[in-house]
Undergrad: 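Can you read through this structure? Questions will come right after.
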Amino acid sequence: MKRTPVTVTDPQPGTPTPGVSGPVTVPAVSVASSANLTRNSRAERARMPVALAVVEEVAISHGVCIRPITQRVTDTVTGEITLVDVPCGATMEAKCPPCAERGRRLRMHQCRAGWHAESDPIPNPDPSTSAQRELAEVRADVTAVRDEFLALGDVDSAQAATETLEQLDRELAALGVRGSLEPDKATSGRRTRSTKRRQDAPDLPKKAMAKTTLGRTFPGNGGTVYRPSMFLTVTLPSYGRVDRTTGAPVNPGTYDYRSAARDALHFSRLLDRLVQNLRRVAGYDVQYFATVEPQRRLAPHAHFAIRGTIPRTLLHQVIAATYHQVWWPATDTPVYTDPHRVPIWDIDATGEDGGYLDPGTGAMLPTWDEALDDLDELADLYAATGNAAEIEPQHVVRFGAQADIKGLVSGTPDADRRIGYLAKYLTKDIASCHADTDGDPAVAAHTDRMVEALRFEPCSPTCANWLRYGIQPKNARDGLTPGACKAKAHKREHLGYGGRRVLVSRKWSGKTLADHRHERRAFVLALLGIDPDTEQATAGDKTADRYMWEPMNPADAPPLATRLLHAITRRQTWRAAYESARDGNGPPPVDSPSIPEPRIAESATEGDDCR
Ligand SMILES: [Zn+2]
Ligand SMILES: [Zn+2]
């Protein structure tokens, strides 16, 4: 992927590249206190702001990235080398506040772009051609042959057929067919039994789906058309009573940390199910922009901007009926609890791959696939013997009773306020969204207990914690220790939720985040009266094929303070040009040295607090 530099080098040929050589213009930054250094005591000196920290603060106040990455850009035609600072692009405020804020605003823009769309952002696919249909039929025949060989155990012939299928798929793709006809795992052939069979759909009224992503519209007076949409908040169930202000449990001893941990781990799957069920009952291809955030009690919840409206009672019905079953081996009884007696890796255990052995007997632990086969066999056994008992999922996750549903009409202040609400915590990690309870001992203890509850819960089939329950994790390898899984979900910053914080359906705006970024840049250029195709606009935008981008060793890059000071100066210049143009004070100064970053001034939209 090509990078689009946002920080732009000086477009005038022959002038020194900012940040590389030439004098550094220091803007009005007060670092004067350092002049008194010699007259102060060591303790006083320690309290003084460090020069770099001061520059960083100024950079932040100007919206300039504080951790820019220097790239060496070589013009392969002229041989000219330029150093370009690219913003770090961090999404978390703790890493880089200006980049995180820019990312948050881009997400708000993306949310706004799709919520009340008036036409389907992605048109329906064209009908298939006869050539495509013919080839698909051939593919079906070869698939049948392949399956027959597989059933006969003739692996070589099956492999040959698989290669033919791959060839056919390439030809289909060449004919303009999107997507794949067969998921990859179909040929390797495991895991299609009980784990799938038991993930049944809830009992909900089903409606035929219209080929549209748009909801209903309602005519108003004087030709206006109302386009109502929805804002939905779904939460997880209660694990015990919590303090309303801090979110900490009233009785930590009885608070159900285990359920809280497991629900958080599988929350993203539950959200997937919700969307599937919604589409099944809504009668149209429901599109959404959702964000996942923690409540004060540290359980994740999700806000959904939904295009179109679904009757409230039906929506409540769908939320109540939605659940996700986790078909994993049971984890009620740990097998290895002594940290000094854990399964041992043996490189020769399975001949080539290695595996984990019981530390006492030296017997190999069941592999992940074997453990799932055991589950299937048990289910088959129950079914064959007419036993009423059924195997239980490791966990079932459902929503809590509290669901907040709001109807909205496009273009109203409330709709805009909700966008701010959706994006409010995006730049903070899960554990630090509620700054006002920072340092509260009850909250800190609650967080500790949540982390502890997550420590030994398996987060995925590949989690090291399976060893604690006597099962080799999927893709087992040397160096796994139960209780020390490195996955995101176990970390304090994530508290069980390892998924993405923003979930956007494919046909929300029909554009990628990069598309939206370009759109915003074009908007600013237009405001400044600059044609995006001119030399002035593209001088710093070295994305053409003739430019070769290479990351530069940070040790060889100019000092960070120098680079930040240059960036601040550039920012001030274009900011002035941008504001002048925005306020209608005529065109920007002609000698504007660089193109503004794609940033649109937006009124601050503070949402309500998340509870
Ligand atoms: Zn940054
Ligand atoms: Zn894990």
Side-chain angles (χ1 to χ4, degrees), residues 3-8 19 52 55-71 84-107 258 261-269 326 328-329 331 334 336 342-343 356 368 394-395 426-428 430 450-469 471-477 479-499 517 551 554 557 560-561 563-568 570-571 597-599:
R3 274 172 248 253
T4 308
V6 181
T7 307
V8 181
L52 181 61
V55 177
E56 268 186 10
E57 251 174 67
V58 177
I60 291 170
S61 72
H62 282 85
V64 168
C65 172
I66 55 166
R67 307 196 321 171
I69 299 156
T70 308
Q71 300 262 339
V84 177
D85 269 0
V86 180
C88 72
T91 54
M92 290 292 127
E93 196 185 288
K95 291 191 179 146
C96 177
C99 284
E101 178 59 14
R102 212 161 18 242
R104 193 178 74 89
R105 289 189 178 275
L106 186 62
R107 286 298 193 180
R258 190 162 92 166
R262 290 185 180 179
D263 283 358
L265 286 169
H266 300 290
F267 189 60
S268 56
R269 298 302 302 277
V326 184
W328 284 353
T331 52
Y336 303 101
V342 290
Y356 280 93
W368 177 253
Q394 186 251 5
H395 185 63
L426 281 185
T427 61
K428 312 239 193 234
I430 292 278
M450 191 67 196
V451 172
E452 192 52 31
L454 284 157
R455 195 164 149 221
F456 290 112
E457 283 294 336
C459 66
S460 70
T462 55
C463 184
N465 287 344
W466 285 111
L467 292 175
R468 182 177 168 87
Y469 305 96
I471 294 163
Q472 300 198 49
K474 190 176 173 183
N475 308 332
R477 57 181 203 287
L480 300 180
T481 311
C485 171
K486 300 271 190 307
K488 210 170 146 186
H490 300 282
K491 298 217 161 82
R492 200 182 180 84
E493 303 93 285
H494 302 285
L495 293 175
Y497 183 78
R517 197 175 289 126
L560 180 59
R563 293 191 283 137
L564 289 184
L565 288 169
H566 273 293
I568 293 165
R570 280 198 301 273
R571 171 62 70 120
E597 292 186 26
R599 191 182 159 122

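Counting convention: from 1, in listed order, for ligands and their atoms alike. In this chain, residues are counted from 1 in sequence order. Just so it is clear, the structure is predicted and the values come from calculations on it, not from any experiment.
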Undergrad: Near the Zn ion (ligand 2), which protein N/O/S atoms fall under 2.8 Å?
TA: Cys459 SG, Cys463 SG, Cys485 SG, His490 NE2
Undergrad: I'd like to know if the side chain of Asn465 and the backbone of Pro482 have a donor-acceptor N/O pair within less than 3.5 Å.
TA: no
Undergrad: May I ask you to determine how many protein N/O/S atoms are under 2.8 Å from the Zn ion (ligand 1)?
TA: 4
Undergrad: Counting only N and O atoms by type, is there a donor-acceptor contact under 3.5 Å from the side chain of Lys491 to the main-chain atoms of Lys486?
TA: yes
Undergrad: Please list, chain by chain and in numerical order, all residues satisfying ring pair (Phe, Tyr, Trp, His ring centres under 6.0 Å) with His266, sequence neighbours excluded.
TA: Trp328
Undergrad: For Trp466, run the ring pair (Phe, Tyr, Trp, His ring centres under 6.0 Å) check against Tyr356, Trp368, Tyr336 and tell me which one passes.
TA: Trp368
Undergrad: Write down the atom of Cys65, the atom of Leu564, and the distance for their closest heavy-atom approach.
TA: O-CD2, 3.2 Å
Undergrad: For the residue pair Pro68 and Leu560, what are the closest heavy atoms and their distance?
TA: CD-CD1, 3.8 Å
Undergrad: Shortest non-hydrogen contact from Ile69 to Cys88?
TA: CD1-CA, 3.9 Å
Undergrad: Search all heavy atoms of Arg571 against all heavy atoms of Arg102 and return the closest pair with its distance.
TA: NH2-NH1, 3.2 Å
Undergrad: Among pairs that include at least one residue of residues 451-461, which meet salt bridge (charged side-chain N to carboxylate O under 4.0 Å, His left out), considering only residues two or more places apart or in two chains?
TA: Arg262-Glu457, Glu452-Arg455
